[in-house]
Amino acid sequence: MNYLLLLRRRPVLVLWLAQSLSVLGDRLYALAVMWVVYASTGSASLMGLVAVAESVPYIVLGSVGRRLVARFSSFASLAWVDGARAVVAVALPFLWSPDAHGFALLLVGVLLLGTLGALFDPNLGALVPDLVEPEKVQEITGLLDLTGRIARIAGPASVGLLLLVFSQVQLFALNGVTFAVSAVALGWLARRCAMAAGAGTAERPGKTRSSVRAWPVLRAHPRVGLAIGLHGVALFCSAVTAVGMPALLATRYGAGAAVYGLVTAAVGVGALLGNPLASNRRTGGWLPVYCGAWMVQGAATACMGLVLQLPALMLLALVTGLVTPATSVTLRAHIGAFAPADRLRLMSVDQTVIRAGGTAGMLLLPFLVDASPRGAFVAGGLLVAGSALAALLVSSRLLRPDAALPILAMHGSAVAAE
C-alpha cells in the first residue's frame with residue numbers, strides 16, 4: 001500500500017516507470033552480450049573478459065574519478081548520459097560482425113556502456129531520496145529495489161518471446177530504446193525540478209553536488225564503512241552461486257537446466273516477498289538488520305552444499321532470496337539519509353567495492369567450484385556469515401556510534417507534494 005501512495009506522486013511514477021523499462025533493457029543486454037560473444041567465438045574465457053570489461057569503469061571511476069562522477073549529479077546531466085547510452089546500444093547491431101573485428105567493436109561498446117553506467121548509477125541513487133520526505137526514503141528505496149527484482153524475473157522470461165521476432169544482436173537496439181525512454185523521463189524530471197526551484201524551493205532536487213573525499217566521510221561513520229566492506233565480501237562470494245549452482249545441481253542431484261530454472265525462480269520469488277518487509281522496516285537499528293540478513297544468507301548458502309534432498313535446496317534458495325532485499329534496501333536507505341554530497345560519495349564507494357568484489361570473485365572462485373562445488377558453497381557461505389558476524393561485533397564493541405545524521409531539509413517539497 002505504501003508503494004501505491006508513492007506512485008500517486010507524478011515524479012516518482014515517471015521515474016519508476018522509466019527505470020523499470022531501463023532495468024528490463026539492461027537484463028536483455030546482459031543476456032544478449034553473453035550469447036553473442038559465445039556464438040561468435042565459442043569461448044567461455046572471452047565471455048568472462050566481456051563481463052570484467054563492463055565492471056572496470058565502475059572500479060576506475062569510483063576510485064579516482066570522484067570529481068567527474070560529481071559533475072553528473074543532476075537529472076538533466078543523467079538525461080544526457082542515458083541519451084549517450086541509447087546511441088551506443090543502438091549502434092552496436094550495425095557495427096557488430098561475427099569475427100575478431102566485430103568482437104573488438106563489441107568490447108569497446110561494452111566499455112563505453114560501462115563507463116556511462118558508472119556515471120549514472122551512483123548519481124541516480126543519490127538523487128532519488130530528494131524526491132520524497134526524509135521519512136519516506138526507505139520506502140522509495142524499496143520501490144526501486146523491487147524494480148530490479150521484477151526485471152531479474154521478467155528479463156530471462158521475455159527473451160524467448162523476443163527472440164522469435166528479433167535476433168540476439170538486435171536486443172542491443174531494444175536496450176537502446178529503453179535508455180532513450182529513460183532519457184526523456186529524466187529530462188522531464190529536470191524541468192520539473194527547475195520549475196520547483198523557480199517557485200521558491202530552497203534547494204531543488206537534482207541540483208549538482210560538490211565532490212567530497214571518501215575517507216573523511218567513512219572515518220566519521222565507521223559503521224557505514226563496515227557495511228560497505230561486508231557488501232564487497234558478499235558480492236565476492238556471490239560468484240560461488242552464480243557459477244557453482246549448475247555444477248552443484250549436476251554433480252549432486254544429476255539435474256539439468258530445468259531444475260536450475262526452478263532454483264533461480266525460487267530465489268526471485270523469495271526476493272519479491274522480502275522486498276515489502278525490507279521497505280517497511282523502521283529506520284532504527286539498521287546495522288543489526290543488515291548484518292543479520294547477510295548471516296542468514298551466508299548460512300543458507302553454506303547449507304546448500306550440505307543438504308541431500310532437492311526440496312531442501314529449493315527451500316534454502318527461497319530463504320536466500322527472502323533476505324536479499326534486507327541487505328540492499330537497508331544499506332541504500334541509510335546512505336540516502338546523508339547530506340547530498342556525502343550521499344553521492346558513499347553511493348559511489350559502495351558501487352566501486354561491490355564491482356571490485358564481484359569481478360575478483362568471478363576471476364578466482366570458479367577454480368574452487370571446479371575443485372569441489374559442495375565445498376565452494378560451504379566455504380563461500382561461511383565466509384559471508386562469518387564476515388557479517390565480525391562486522392556486527394566490531395561495530396558494537398570497538399567503534400563509536402555513527403555521528404548523528406543531519407536532518408535533511410525537504411529538498412523535494414514542491415516536487416514530492418504532488
Side-chain angles (χ1 to χ4, degrees), residues 1-24 75 78 121-153 182 185-186 189 192-193 196 201 203-206 224 227 231 268-290 292-293 321-340 342-344 346-347 350 402 405-418:
M1 181 61 69
N2 291 336
Y3 287 166
L4 294 178
L5 293 176
L6 280 177
L7 291 173
R8 291 178 64 181
R9 308 181 186 198
R10 188 176 301 172
V12 175
L13 177 62
V14 169
L15 180 63
W16 183 76
L17 289 174
Q19 289 308 302
S20 296
L21 186 61
S22 181
V23 173
L24 178 60
F75 286 125
L78 293 186
D121 292 345
N123 277 302
L124 181 65
L127 288 168
V128 164
D130 290 339
L131 293 175
V132 296
E133 301 85 352
E135 63 271 16
K136 297 289 185 181
V137 170
Q138 183 105 8
E139 293 175 13
I140 196 170
T141 303
L143 176 64
L144 293 182
D145 177 81
L146 182 63
T147 298
R149 306 295 169 194
I150 295 173
R152 286 181 177 87
I153 298 174
S182 178
L186 291 169
L189 278 172
R192 182 83 176 183
C193 293
T201 303
E203 182 182 350
R204 74 176 186 266
V224 176
H231 203 182
V269 170
L272 291 178
L273 294 175
N275 176 273
L277 300 176
S279 66
N280 291 322
R281 186 191 65 80
R282 300 301 180 187
T283 56
W286 69 277
L287 190 59
V289 172
Y290 181 76
L322 191 65
V323 299
T324 295
T327 62
S328 58
V329 174
T330 300
L331 178 58
R332 292 181 70 85
H334 184 71
I335 293 175
F338 280 74
D342 293 349
R343 182 197 312 159
L344 172 58
L346 290 173
M347 291 281 186
D350 185 50
D402 286 351
L405 294 178
I407 299 176
L408 299 180
M410 290 189 181
H411 303 305
S413 57
V415 177
E418 179 169 338

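Here the structure is a predicted model, which is why all the values come from computation and not from measurement.
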Side-chain heavy atoms of V132 within contact of R9, under 4.5 Å: yes
Ring geometry between H231 and Y290 (parallel below 30°, tilted from 30 to 60°, perpendicular above 60°): perpendicular
Rounded distance [0.5 Å steps], CG in L6 versus OG in S279: 9.0 Å
Contact summary for M347 and P122, nearest pair of heavy atoms: CB-O, 3.9 Å
Nearest heavy atoms of A293 and T327, plus distance in Å: CB-CG2, 3.6 Å
Spatial distance of atom CD (Q19) from atom CG (L143) [nearest 0.5 Å]: 11.0 Å
Side chain to side chain contact (heavy atoms under 4.5 Å, CB included) partner of L331, the single match among L287, T141, D350: D350
Residue list, side-chain hydrogen bond (donor to acceptor under 3.5 Å, both in side chains) with T324, at least two apart or on another chain: Q297
OG1 on T330 to CD1 on I335, rounded to 0.5 Å: 11.0 Å
Minimum heavy-atom distance A18-A185, with the two atoms named: CB-CB, 3.4 Å
Gap between atom OG1 of T147 and atom CG of N275 - 0.5 Å precision: 9.0 Å
Pairs flagged by salt bridge (charged side-chain N to carboxylate O under 4.0 Å, His left out) wherever residues 137-148 is involved - sequence neighbours left out: K136-E139, D145-R149
Check: P276 main-chain N/O paired with Y3 side-chain donor or acceptor under 3.5 Å: no
For R343 against G336, the heavy-atom pair lying closest together: NE-O, 3.3 Å
For the student: nearest non-hydrogen atoms of P288 and G285, plus distance: CD-O, 3.3 Å
L15 side, atom CG; S22 side, atom OG - distance, nearest 0.5 Å: 10.0 Å
Considering all heavy atoms, the nearest N123-L78 contact: CB-CD2, 3.9 Å
Interatomic spacing from CG in L189 to CG in D130 - rounded to 0.5 Å: 11.5 Å
